[in-house]
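Notes to accompany the following structure.
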Amino acid sequence: MESKSKNFIYEIIDEDLKANKWGESTICTRFPPEPNGYLHIGHAKSICLNYGIARDYNGKFNLRFDDTNPEKEEQEYVDSIIEDVKWLGADFEDRILYGSDYFEQMYKWAVDLIKKGKAYVDDLNADEIRSSRGTLTEAGKESPFRNRSVEENLDLFERMRKGEFPNGSKTLRAKINMSSPNINLRDPIMYRIVHDEHHRQENKWCIYPTYDWAHGLEDAIEGITHSICTLEFENHRPLYDWFLDELGIHHAQQIEFARLNLTYTVMSKRKLLQLVKENYVDGWDDPRMPTVSGFRRRGYTPESIRNFAEIIGVAKRDALTDIALLEFAIRDDLNKHAQRVMAVLHPLKVVITNYSGEEELDGVNNPEDPSMGIRKIPFTNEIYIEQTDFMEEPPKGYHRLIPGGEVRLRYAYIIKCEEVIKNDKGEVTELRCTYDPDTRSGTGTSKKKVKGTIHWVSAKHTFEAEVRLYDRLFTVESPDSDKEKNFLDFMNPNSLEIIPNALIEPFAKNSKKGNRFQFERHGYFCVDTKFTSSEKLVFNRTVTLKDSWGKK
RNA sequence: UGCCCCGUAGUGUAAUUGGCAACACGUCUGACUCUGGAUCAGAAGACUUCAGGUUCGACCCCUGACGGGGCAGCCA
């Protein structure tokens with residue numbers, strides 16, 4: 001271990017190791033998603049944490065589906081989760097495991113508990129159980145079925161499995177303590193009857209273990225040493241301990257940490273599902289979604305997400321992480337690796353009146369990495385520049401093109417604005433400029449210094465592409481923490497701006513889905529994997545460049 | 001109201017286990033620059049929620065208050 005400052009989980013593991021708590025066995029962690037939705041950036045944090053521990057301690061990392069509820073789970077989610085975990089680079093080797101594969105063993109252990117008199121079949125229905133559970137301040141009441149004989153319980157439980165009873169008519173409950181101050185210990189439910197097809201077990205089972213019963217057993221079966229989960233399971237730990245101790249089986253150490261919250265988005269699967277189902281976005285992988293697949297489609301790299309996880313660290317206090325930390329991580333990565341190219345999003349025509357002919361200029365592919373080389377950029381007397389790079393009446397400090405002023409065309413010449421042409425409505429439609437032949441980039445002959453450099457494309461050589469500019473999905477930092485309003489009330493109506501015909505430098509013409517670029521002075525973009533066709537490239541803006549001029 | 005957890009610059013985390021609070025992001029300067037990016041140099045910003053106590057010494061240990069979060073699914 002060589003990380004400079006360890007988080008509290010590493011410290012616990014170090015202590016365990018020092019105390020030889022696990023004997024000869026290696027450290028084993030796991031990521032246990034329920035396949036009822038796509039993974040989000042919060043899951044990515046957990047994956048990085050769990051996989052990181054296994055890697056740092058030369059241990060093992062399992063991917064295990066917690067698939068104990070057939071009503072919510074689907075194969076589509078299983079597939080997406082596997083893809084996302086792989087993409088993030090968390091190596092589970094060949095261990096794609098399923099809690100449902102352990103159902104038989106779990107059943108046997110349940111029988112063991114019944115035999116010990118520690119579990120019973122209850123005939124109370126859901127309402128009755130709820131009302132007899134008590135409240136936060138009052139103890140619960142024991143079920144009238146709590147003291148059935150072992151024989152009767154065994155018989156009933158077996159018949160539950162055989163499918164003799166309808167949904168909800170019976171449950172298997174642990175016999176613990178109905179007046180425990182910890183509500184989780186008030187005879188929690190271990191099995192419920194659900195006649196429903198399971199995405200993996202199909203119709204093999206009609207009783208399903210609850211998470212509380214199943215989770216610790218899954219960890220035990222896999223020999224997990226450190227069972228890392230989020231804070232809300234802290235109160236459940238005594239229950240898991242109880243089960244494991246009663247059964248006398250392998251006992252993972254559970255450690256809880258605070259889940260990730262990010263500004264300007266929501267992070268609950270339920271809410272994300274709603275955004276998808278009600279078509280606020282175009283799917284789980286919409287580039288505005290905080291899902292792993294959304295970030296992937298938007299152009300984020302796995303490295304940047306891993307680095308983000310490293311930056312934010314791990315702790316037990318709940319926090320709201322500024323999205324700026326994530327944006328830093330992706331800019332930092334893309335700055336070093338993305339191919340540069342020029343693109344004009346909102347074109348303004350410029351005619352260079354004293355230039356004729358055509359030439360090719362050298363553009364640096366990545367100033368941070370000379371090994372990426374240079375490319376040729378065609379130049380002619382008719383080009384397009386960005387509308388915002390020209391102003392008739394500039395504010396102070398503006399150093400782009402103004403009437404009578406000069407500006408450097410990136411990798412080309414310095415031009416001077418001689419004439420402004422407008423339409424009937426008074427809008428600027430074209431600029432007439434002259435260029436200074438002595439100022440060609442790279443010749444070193446220019447004595448001129450000019451304050452601004454702007455990007456451009458040759459009218460004759462450029463190609464059109466669709467560009468999608470994304471903004472935050474919500475207008476407030478914490479859309480789901482308002483007491484009165486629903487998170488949907490805070491959706492940003494301008495979270496997506498589509499530019500159907502942006503003009504791109506020819507170099508990017510043959511790019512493939514997923515290719516990443518920096519559009520100089522704009523930001524980082526990638527070729528969309530969903531809407532790009534053989535006819536038209538669609539670029540997603542991953543993130544803008546930092547902008548110390550046009551600050552909002 | 002019962003139980004459990006938490007409380008360090010704007011944000012996220014540190015503080016070698018009790019030795020005069022550090023790092024990253026963000027913000028603001030300045031330098032450099034053919035990207036108002038990057039890079040480089042620097043600055044501002046925290047009486048560590050509060051009050052007691054233990055100690056030569058407390059962010060750290062103890063007590064109490066205050067504040068935040070979680071728990072009353074046959075969800076996970």
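Heavy-atom basis, side chains included; hydrogens, waters and symmetry copies ignored. Note that the coordinates shown come from a computational prediction; the quantities given were computed from them, not determined experimentally. Throughout, protein chains are lettered first and strands after them, A, B, ... in sequence-line order, and every chain is numbered starting at 1.
Here B/G12 presents its P atom at 14 Å from OH of A/Y264, a figure rounded to the nearest Å. Taking atom CZ of residue A/F525 and atom C1' of nucleotide B/U35, one finds them 13 Å apart after rounding to whole Å. Summarising the geometry, the separation between CD1 on A/I454 and C1' on B/G37 is reported as 16 Å, rounded to the nearest angstrom. Look at NZ on A/K546: it is 11 Å from C1' on B/C28, rounded to the nearest Å. In this structure, the CD atom of A/E11 is 15 Å from the P atom of B/U13, given to the nearest Å. Rounded to an integer number of Å, the gap from CG of A/D241 to C1' of B/C4 is 14 Å. At whole-Å resolution of the value, CD in A/E327 and P in B/U11 are 18 Å apart.
Nearest heavy-atom pair, A/K396 versus A/W549, reported as atom, atom and distance to 0.1 Å: O-CH2, 3.6 Å. Closest non-hydrogen pair, A/V266 versus A/P290, comes out as O-CG, 3.3 Å. Contact between A/E34 and A/D66 at its shortest, heavy atoms only, is CG-O, 3.4 Å.
For A/T68, taking side-chain heavy atoms from C-beta onward, the closest of the listed nucleotides B/C25, B/G36, B/A76 is B/A76. Among the nucleotides B/C6, B/A38, B/U35, the one closest to the side chain of A/K316 is B/C6. Residue A/N335 places its side chain closer to B/A38 than to any other of B/G12, B/A38, B/A76. Candidate nucleotides B/G26, B/C74, B/G36 were compared by shortest atom distance to the side chain of A/T210, and B/C74 ranks first.
Atom CG of A/L239 and atom NE2 of A/H215 lie 12.0 Å apart (nearest 0.5 Å). With rounding to the nearest 0.5 Å, the separation of CG in A/D436 from CZ in A/R440 is 13.5 Å.
Applying the 5.5 angstrom centroid cut-off and the 30 degree plane-angle cut-off, the aromatic ring of A/H399 is stacked upon the base of B/G36. The aromatic ring of A/Y211 does not stack onto the base of B/A76, failing the criterion of a centre distance under 5.5 Å from the six-membered base ring together with planes under 30° apart.
Shown here, B/G26 is classed anti by the O4'-C1'-N9-C4 or O4'-C1'-N1-C2 angle, which is more than 90° from 0. Using a 90° window around 0 for the glycosidic torsion, B/U29 falls outside it and is classed as anti.
Taking only side-chain nitrogens and oxygens, A/R521 comes nearer than 4.0 Å to OP1 or OP2 of B/G36. For the pair A/R317 and B/U8, the criterion of a side-chain N or O lying under 4.0 Å from OP1 or OP2 is met.
Spacing between B/A46 and B/U39 at atom P, rounded to whole Å, works out to 27 Å. The P atoms of B/A21 and B/A9 are separated by 15 Å, rounded to the nearest whole Å. Rounded to whole Å, the C1' atom of B/U49 lies 16 Å from the corresponding atom of B/C60.
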* **Pair A/D241-A/R237, salt bridge (Lys or Arg N to Asp or Glu O under 4.0 Å): steps then yes or no** => CA-CA 6 Å; A/D241 290 345; A/R237 185 161 18 104; 5.4 Å; no

* Stepwise salt bridge (Lys or Arg N to Asp or Glu O under 4.0 Å) test for A/R64 and A/E218 -> CA-CA 9 Å; A/R64 179 181 72 230; A/E218 294 167 10; 3.0 Å; yes

Nucleotide N/O to protein N/O under 3.5 Å, stretch nucleotides 29-33 of chain B:
none

Atom pairs, protein N/O to nucleotides 66-73 of chain B N/O, distance under 3.5 Å:
{"from": "B/G69", "atom 1": "O2'", "to": "A/D318", "atom 2": "OD2", "distance (Å)": "2.9"}
{"from": "B/G70", "atom 1": "N2", "to": "A/N235", "atom 2": "ND2", "distance (Å)": "2.8"}
{"from": "B/G70", "atom 1": "N3", "to": "A/N235", "atom 2": "ND2", "distance (Å)": "3.4"}
{"from": "B/G73", "atom 1": "OP2", "to": "A/R133", "atom 2": "NH2", "distance (Å)": "3.2"}

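Under 4.0 Å is where a charged nitrogen must lie from a carboxylate oxygen, and between A/E232 and A/R259 at least one such pair does. A salt bridge is defined here as a Lys NZ or Arg NE, NH1 or NH2 lying under 4.0 Å from an Asp or Glu carboxylate O, and A/D438 with A/K448 fails to meet this definition. In summary, A/E310 and A/R306 do not engage in a salt bridge, as defined by a charged side-chain N under 4.0 Å from a carboxylate O.
In this view, A/R375 and A/E505 satisfy the salt bridge (Lys or Arg N to Asp or Glu O under 4.0 Å) rule, not counting sequence neighbours.
Using cut-offs of 30° and 60° for the angle between ring planes, the A/F65 and A/Y98 rings count as parallel. Relative ring orientation between A/F525 and A/H522 is described as perpendicular, the plane-to-plane angle rising above 60° on a 0-90° scale split at 30° and 60°. Between A/Y413 and A/F379, the ring-plane angle classifies as tilted under the 30° and 60° cut-offs. The aromatic rings of A/Y107 and A/W205 are tilted relative to each other, their planes meeting at an angle between 30° and 60°.
With hydrogens and angles left out, the side chain of A/Q518 and the base of B/U35 share a donor-acceptor pair within 3.5 Å. For B/G37, its base sits under 3.5 Å from the side chain of A/E368 at one donor and acceptor pair at least.
RNA chain B lies under 4.0 Å from at least one heavy atom of each of the following residues of residues 191-200 of chain A: A/R192. Contacts between residues 474-481 of chain A and RNA chain B, counted as heavy-atom distances below 4.0 Å, involve no residue at all.
The closest side-chain donor-acceptor pair between A/Q518 and A/E520, if any, does not fall under 3.5 angstrom. A donor-acceptor contact under 3.5 angstrom links the side chains of A/Y10 and A/D56, judged on distance only.
Remark: the backbone N or O of A/I414 is paired with a side-chain donor or acceptor of A/T439 at under 3.5 angstrom.
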* Strand RNA chain B in bracket notation, Watson-Crick/G-U under 3.5 Å with | for pairs to another chain -> .((((((..((((.....[..)))).(((((.......))))).....(((((..]....))))))))))).....

